[in-house]
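We name chains A, B, ... by the order of the sequence lines, and we start the count at 1 in each one.
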Amino acid sequence: MRTFTTTLGGEPVQVDAPEPGTFDPEWFRLVFPSGGLYGLDVESTYMDALAQWSPDFGLRLIQFAAEDTAVVLTLSDPDQLLAARALLADVTVSFASHGNMDVLSTAVVLGVDITSRNIDTLNLARMAFTAKADKRDLKDLTTRLIGPELEAADAALLAHFWDLWPGRRNAKRSDVERHGWSAVSTDEPRYLVYAGLDAVAARALVDILIPLTGAPPALLEVEAWLAGRANRIQILGMLVDTDRLTALEAEAQEATSRAEARILELTGGVKARSPKLQDWLADHGVNWDCWEGALTEGGKPSLAKDNVALLWDFELDAAGSEVVSELAAFRGHQDLLVKTKGVRDHLASDGRVHPVLAPNGATTTARMSSSGPNFQNFSKRDPRMRGVFVPEPGHVFVTIDFDQVELRVVAGRAREPKMIDTILAGGDLHQLTVDELAAAGIEIDRDTGKMANFLIVYGGGGKALHEQAGIPLEDAYAIVRAHRDRYEQISAWSQYLALERQAVRTISNRRLPVTLDKHGNPRVYANVNYDTQSGARELLVHAWLYLDLVCGLGELVWYPIHDELVLQVPEADVDAVVAQAETAMRFDFLGVPISASAIVLVDEHGDSRWMTSKLAEKIAAANGVAA
DNA sequence: TGCCCTTGCGCG
DNA sequence: AAAGCGCGCAAGGGCA
């Protein structure tokens with residue numbers, strides 16, 4: 001046994017690393033008996049973009065920690081591997097680890113699923129430290145909340161990686177690390193001590209972070225459950241129709257590179273996405289002083305997709321007009337290119353992508369976020385990209401959306417009787433706004449009423465309405481004023497929330513930070529938006545939890561998209577699941593009925609894909625394919 | 001070369 | 001008095 005004595009936060013810590021061939025499983029289970037909560041960490045070979053799903057990915061060490069003791073197991077020793085698997089598989093044992101790298105690794109590499117028995121200290125840290133600037137990696141948190149020893153151990157290990165680097169000393173840090181994580185000896189004391197301290201820190205952080213979250217136990221329990229579900233979704237991943245992906249990729253690639261090449265040629269070296277393109281256009285007929293299109297945040301004319309057509313209003317020379325048409329072609333395929341490449345870059349050898357679903361990835365609202373690829377922003381206007389994703393064999397996609405959930409959250413939180421009555425009566429909230437403004441002597445159409453309603457949710461004002469609705473500024477201000485007058489309870493609610501200059505508390509007593517503008521003043525007008533977005537997020541999680549605990553169908557959730565659950569349902573069960581899922585997503589919220597409706601996703605050939613049959617028909621018609 | 005900012009674009 | 005919110009991703013380009 002190699003035993004190292006060190007400290008963390010000044011307290012003594014013992015790190016034991018059994019030598020291969022001498023491992024005593026009985027001793028191991030005496031250190032980690034059933035029923036405990038243990039720190040968990042793994043050390044791997046260097047991770048590339050596909051991480052756990054890369055054929056090159058391997059685990060080298062796995063570490064478990066009780067309060068002041070860590071045991072570092074070497075996984076190349078069959079006895080230690082067996083003991084690690086057995087402890088992980090003990091359903092009475094829970095684990096604490098930072099981020100989901102350890103949980104995913106144990107599932108994918110060791111074949112043991114601990115997703116429902118893990119506490120993620122990164123999630124706790126996100127709830128405890130809500131400012132965007134806060135660092136939340138294990139090393140920083142440990143230094144800040146416990147002591148500097150882990151950071152020192154990390155620095156010592158990195159210094160050792162430079163010793164292991166065979167080439168010149170002035171190599172890139174990333175290359176040295178890549179090499180080091182795979183090359184360092186499992187006998188190296190600096191490696192073993194660092195590894196052991198990681199696990200001890202994760203265990204210690206649970207007790208330190210929980211009070212700092214300021215969250216009630218019920219919320220913490222739901223969040224732990226959700227993190228487990230999110231990890232399961234990532235582990236399973238999504239099946240990709242690679243033929244479709246390849247075809248779309250080719251189309252996007254061909255269209256964009258042709259346009260790009262032609263623009264480069266015509267402009268003598270200016271790229272399609274270069275900020276210099278505005279200058280070039282100025283020399284070929286565009287007078288930016290007369291520009292009526294949108295401006296960028298930096299105040300320059302925007303060449304975004306919807307603005308390109310406005311360039312035709314100028315007297316362009318021959319080269320200028322050709323560049324404008326090529327730019328339109330480029331913008332028309334830019335999203336498809338980005339999204340196809342994104343899926344391709346994350347496509348693992350199992351024919352799937354494994355996106356990260358971060359349970360509270362949005363810093364200021366705790367909404368879920370998605371990456372690798374992001375499943376929350378695939379186009380609906382051109383749904384072909386969504387159609388690349390197909391269900392497991394024998395399954396069908398079903399999507400269930402909340403109806404206008406954010407407005408209903410506002411109505412319930414504000415106790416706004418006009419809105420609540422309209423919802424109860426099955427009426428239309430946007431028409432209600434039209435009628436209310438008419439009563440105040442202002443005539444608007446339903447689209448404007450809808451925009452005005454969403455400005456409330458988003459904390460916007462007259463200027464935004466003026467720009468979005470294309471109505472005179474004075475009219476827009478009048479609409480906003482009348483909206484405030486007619487919805488007294490919503491006005492009172494936003495004024496009440498605007499008193500909070502530090503943080504707001506959501507319906508489940510989650511603390512959300514008030515954000516600051518560039519002058520450091522609190523943007524209190526955004527507080528209603530934060531409460532609403534976060535509230536809607538909690539309602540979706542509530543429905544998912546109900547679906548899991550009451551219906552036993554939590555596993556069917558393929559992906560959550562803010563106000564929508566996409567389910568993957570065995571063909572034979574579709575009708576029953578639709579009924580149960582609608583039950584889960586229909587409930588009372590503060591006297592406001594929350595409703596939802598399901599759509600079964602089947603394409604024009606009767607196959608299920610992640611697109612609606614209506615959209616599939618439209619595309620089929622456009623392509624001349626019989627539906 | 002890596003890092004950071006800006007721009008553009010999709011979703012809710 | 002007025003203030004549109006939250007994400008992820010890729011590319012260009014300035015800077016050290």
*Asks:* Is any side-chain N or O of A:R273 under 3.5 Å from a base N or O of C:dG12, one able to act as donor and the other as acceptor?
*Replies:* no
*Asks:* Just the rounded figure in Å: distance from P of C:dC5 to CG of A:L516.
*Replies:* 13 Å
*Asks:* Without hydrogens or angle criteria, can the side chains of A:T506 and A:D531 be said to hold a donor-acceptor pair below 3.5 Å?
*Replies:*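 No, A:D531 and A:T506 have no side-chain donor paired with an acceptor closer than 3.5 Å.
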*Asks:* Using whole Å, report how far CD of A:Q376 lies from P of C:dC9.
*Replies:*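 Computing the A:Q376:CD to C:dC9:P distance gives 10 Å.
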*Asks:* Would you classify A:Q334 as touching base, sugar-phosphate or nothing, given that sugar-phosphate means primed atoms plus P, OP1 and OP2, and contacts are heavy atoms under 4.0 Å?
*Replies:*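 The answer is sugar-phosphate, as A:Q334 gets under 4.0 Å only of primed atoms, P, OP1 or OP2.
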*Asks:* Whether the side chain of A:R381 and the base of B:dG10 hold a donor-acceptor pair under 3.5 Å is what I'd like checked.
*Replies:*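 A donor-acceptor contact between them is absent.
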*Asks:* Are A:Y458 and A:T532 close enough that a side-chain donor and a side-chain acceptor fall under 3.5 Å?
*Replies:* no
*Asks:* From NZ of A:K450 over to P of B:dG12, roughly how many Å is that when rounded to an integer?
*Replies:*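 It is 11 Å, rounded to the nearest whole Å.
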*Asks:* Classify the nucleic acid contact of A:A362 as base, sugar-phosphate or nothing, counting any heavy atom under 4.0 Å across all strands shown.
*Replies:* sugar-phosphate
*Asks:* Using a heavy-atom cut-off of 4.0 Å across all strands, would you classify A:R331 as base, sugar-phosphate, or nothing?
*Replies:*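 The residue A:R331 makes sugar-phosphate contact but no base contact.
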*Asks:* To the nearest Å, how far apart are A:N529 CG and C:dA3 P?
*Replies:* 16 Å
*Asks:* Tell me: CG of A:L512 to P of C:dC7, nearest whole Å?
*Replies:* 11 Å
*Asks:* Ignoring hydrogens and angles, does a donor from either the side chain of A:N374 or the base of C:dG8 sit under 3.5 Å from an acceptor on the other?
*Replies:* no
*Asks:* Taking the C1' atom in each of B:dC11 and C:dG4, what is the distance between them to the nearest angstrom?
*Replies:* 16 Å
*Asks:* Does the C:dC5 base have a donor-acceptor partner in the side chain of A:Q533 within less than 3.5 Å?
*Replies:*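 Result: at least one qualifying N/O pair found.
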*Asks:* Is it the case that the ring center of A:H466 lies less than 6.0 angstrom away from the ring center of A:Y477?
*Replies:*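 No, they do not, as the ring centres are separated by 6.0 Å or more.
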*Asks:* Using a heavy-atom cut-off of under 4.0 Å over every strand shown, decide if A:L337 touches base, sugar-phosphate, or nothing.
*Replies:*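 Contact class for A:L337: none.
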*Asks:* For the pair A:F375 and A:Y559, name the ring-plane relationship: parallel under 30°, tilted 30 to 60°, perpendicular over 60°.
*Replies:* tilted
*Asks:* So that I know where these two stand, are A:W162 and A:W165 an aromatic pair - ring centroids less than 6.0 Å apart?
*Replies:*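 Judged by ring-centre distance (under 6.0 Å), A:W162 and A:W165 do not meet the cut-off.
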*Asks:* Checking all strands, does A:E564 fall into the base, sugar-phosphate, or nothing category for heavy-atom contacts under 4.0 angstrom?
*Replies:*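 Result for A:E564 = nothing.
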*Asks:* Distance check needed: B:dC11 C1' versus A:R537 CZ, whole Å only.
*Replies:* 18 Å
*Asks:* Which part of the nucleic acid does A:T532 contact within heavy-atom distance under 4.0 Å: base, sugar-phosphate only, or nothing?
*Replies:*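 A:T532: no heavy atom of the nucleic acid under 4.0 Å.
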*Asks:* Using whole Å, what does the distance between atom P of nucleotide C:dG4 and atom CZ of A:R523 come to?
*Replies:*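 Between P of C:dG4 and CZ of A:R523: 10 Å.
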*Asks:* Counting any heavy atom closer than 4.0 Å, what does A:F330 reach on the DNA or RNA strands: base, sugar-phosphate only, or nothing?
*Replies:* nothing
*Asks:* Just call it for A:G361: base, sugar-phosphate, or nothing, with non-hydrogen atoms closer than 4.0 Å on any strand.
*Replies:* nothing
*Asks:* Once you round it to whole Å, what is the distance between P of C:dA10 and NE2 of A:H346?
*Replies:*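 Spelled out: NE2 on A:H346 to P on C:dA10 is 7 Å.
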